[in-house]
J.: 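What follows is a single structure, and I will ask about it in a moment.
Scope of the values below: all heavy atoms of this structure, side chains included, with no hydrogens, waters or symmetry mates. Bear in mind that the values here come from a model prediction, so they are computed numbers and not experimental data.
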Amino acid sequence: MIKSVIIKNFMAHSDLEVKDIPAINLIIGRNDTGKTGLLKLLYSIAKSLEIYSKKVKTTEVVFSKELASKMSSTFMPRNNGLGDLVQKGSREKLSVDLSIKGDSGKYSQDIYFSFGERTEKKIPDCSGNIKPMPENIINALFIPAKEVLTAFSDIRIIREQEYGVGFDDTYLDLIKSLDIPTKGKVENGLSSVNKSLEELFDGKIEQTGKADQPFIFKKGNQKFAIQQTAEGIKKIGILTTLINNRQLGKGTILFMDEPETALHPDAVRQMIEMLVAMSKAGVQIFLASHSYFVVKQLANSSKRENIETLYWSLERENGQPVTSNFKKINDGVLPKNSIVDEALKMYEEEIQINLMD
């Protein structure tokens, strides 16, 4: 799991440092505060380590090349290559210092790299002593805000046959993970989670094995094409599919961008409950959200289950670099943040309107 990170001069972030990163992390902030960018950066590093550890068994591979390739295909910079990720106006290099651990602490790796604004495709300064991970102790998954089941075949064609840039690696990597056939019994600790997720919509997403229609939604004896299936069902179906094919389980670092998209508040609350249960089964979770329901339910669940949750609150004023504040909660009390502030503003507005009547 990711245990600590120091990030300097990355996109909107001048200086972000957080230690003792727990199993559940919620990144909140207004638009243009770099939430998705942070998710993608952490994902790129973890995924690069996963890929490097698999490749090094059979071929000669350099971690810095894998990292540069993954960052390029995840961020898809347009002009100056990787240098576009360096904070604009900064005279300093982008740098990241991250610590990752797995297998109950038996595997530990510090990863450091840095590069300047003229960097294109190669990372010149990167940790040289990267130890490959033992098999299947850590894997990284990224679930974007937009669901991928409807455009499943199109994403693969655009990226692998036409070499287009319409979908970055968060989409391509996800469909590759979803395309793995179901592998029998669900991992211990996640079977009840999987059942609860499927019960949300009284049905489940199933793999068909057909290239033209790889997924369907099955409800009782009825089957529905994925194009005719509600967005919220497909969002939950992605999680159940990943659990069923053993891509999501103990040792997974799960990144989710706006998981509340297309879900009713009731489904959002139940999904958060399931994510908390996943964390107890050994999954580390990073969420970026704008939803009060996500924020509040996570606080409630953390208090009830005594699960340590870290709120990453990002703020930005007048075009200045983003400032970061961190607060661990398990008492159910929400820290001051922009989402709660807006909820209070609506409540105050309601009071004023009522006073005018």
J.: Assigning hydrophobic clusters by single linkage (Ile, Leu, Val, Met, Phe, Trp, Tyr; side-chain heavy-atom cutoff under 4.5 Å), is Ile238 placed with Phe201?
T.: yes
J.: With Val5, which of Leu42, Leu38, Leu41 fulfils side-chain contact (heavy atoms from CB on, under 4.5 Å)?
T.: Leu42
J.: Applying salt bridge (Lys or Arg N to Asp or Glu O under 4.0 Å), run through Glu273 and Arg304 and close with a yes or a no.
T.: CA-CA 11 Å; Glu273 290 282 275; Arg304 186 185 63 248; 2.6 Å; yes
J.: Consider only side-chain N and O atoms of Gln109 and Ser99, and report whether a donor and an acceptor are under 3.5 Å apart.
T.: no
J.: Mind checking whether Met133 and Val62 sit in one hydrophobic cluster, side chains of I, L, V, M, F, W, Y counted as touching below 4.5 Å?
T.: no
J.: If we count only N and O atoms by modelled type, under 3.5 Å, do the side chains of Thr150 and Glu147 hold a donor and an acceptor together?
T.: yes
J.: Decide if atom CD of Glu66 counts as having more than 12 heavy atoms of other residues, nucleotides or ligands within a radius under 6.0 Å.
T.: yes
J.: Examine the side chains of Ser14 and Gln87 and answer whether a donor and an acceptor come within less than 3.5 Å of each other.
T.: yes
J.: Without hydrogens or angle criteria, can the side chains of Thr33 and Glu315 be said to hold a donor-acceptor pair below 3.5 Å?
T.: no
J.: When you check the gap from the basic side-chain N to the acidic O, do Glu60 and Lys55 get nearer than 4.0 Å?
T.: no
J.: Do Phe224 and Phe215 belong to the same hydrophobic cluster, where Ile, Leu, Val, Met, Phe, Trp and Tyr are linked whenever their side-chain heavy atoms lie under 4.5 Å apart, directly or via other members?
T.: yes
J.: Any chance you could measure Lys223, atom NZ, to Ile216, atom CD1, to the nearest 0.5 Å?
T.: 4.5 Å
J.: Output, in order, the C-alpha distance, side-chain angles, deciding distance and verdict of salt bridge (Lys or Arg N to Asp or Glu O under 4.0 Å) for Glu231 and Lys235.
T.: CA-CA 6 Å; Glu231 295 292 305; Lys235 194 90 173 188; over 6 Å; no
J.: After noting the C-alpha distance and the side-chain angles of Asp257 and Lys40, does the key distance pass the salt bridge (Lys or Arg N to Asp or Glu O under 4.0 Å) rule?
T.: CA-CA 9 Å; Asp257 195 6; Lys40 286 186 172 182; over 6 Å; no
J.: Step by step, work out the side chain to side chain contact (heavy atoms under 4.5 Å, CB included) result for Val96 and Phe10.
T.: CA-CA 9 Å; Val96 177; Phe10 165 67; 5.8 Å; no
J.: Assess whether a salt bridge exists between Asp32 and Arg316, defined as any Lys/Arg side-chain N lying under 4.0 Å from an Asp/Glu carboxylate O.
T.: yes
J.: Under 4.0 Å between a side-chain nitrogen and a carboxylate oxygen: does that hold for Lys47 and Glu50?
T.: yes
J.: Which is it for Lys70 and Asp169 under the salt bridge (Lys or Arg N to Asp or Glu O under 4.0 Å) test, yes or no, and what are the steps along the way?
T.: CA-CA 8 Å; Lys70 180 55 65 179; Asp169 259 18; 2.7 Å; yes
J.: I'd like to know if Ile6 and Val18 are part of one continuous hydrophobic network [Ile/Leu/Val/Met/Phe/Trp/Tyr, side-chain heavy atoms within less than 4.5 Å].
T.: no
J.: ring-ring contact (aromatic ring centres under 6.0 Å, His included): which pairs involve residues 106-131, sequence neighbours left out?
T.: none
J.: Strictly under 6.0 Å, is that where the ring centroids of Phe326 and Tyr311 end up?
T.: no
J.: Distance only, no hydrogens: is a donor on one side chain within 3.5 Å (strictly under) of an acceptor on the other, for Ser95 and Ser114?
T.: no
J.: Indicate whether any N or O donor in one side chain lies under 3.5 Å from an N or O acceptor in the other, for Asn194 and Thr240.
T.: no
J.: Taking atom NZ of Lys88 as the centre, report whether more than 12 heavy atoms of other residues, nucleotides or ligands fall under 6.0 Å from it.
T.: yes
J.: Just by distance, with hydrogens left out, do Ser313 and Asn325 show a side-chain donor and acceptor under 3.5 Å apart?
T.: no
J.: So, are Lys280 and Glu305 salt-bridged, with charged N and O less than 4.0 Å apart?
T.: yes
J.: Side chains of Lys121 and Ser72: donor-acceptor distance under 3.5 Å anywhere?
T.: no
J.: Cut-off 3.5 Å, side chains only: do Asn139 and Thr252 have a donor facing an acceptor?
T.: yes
J.: Strictly by ring-ring contact (aromatic ring centres under 6.0 Å, His included), give each pair with a member in residues 13-51 just once, sequence neighbours left out.
T.: Tyr43-Phe142, Tyr43-Phe255
J.: Linking I/L/V/M/F/W/Y whenever their side-chain heavy atoms sit closer than 4.5 Å, directly or via other members, would Leu141 and Ile180 fall into one cluster?
T.: no
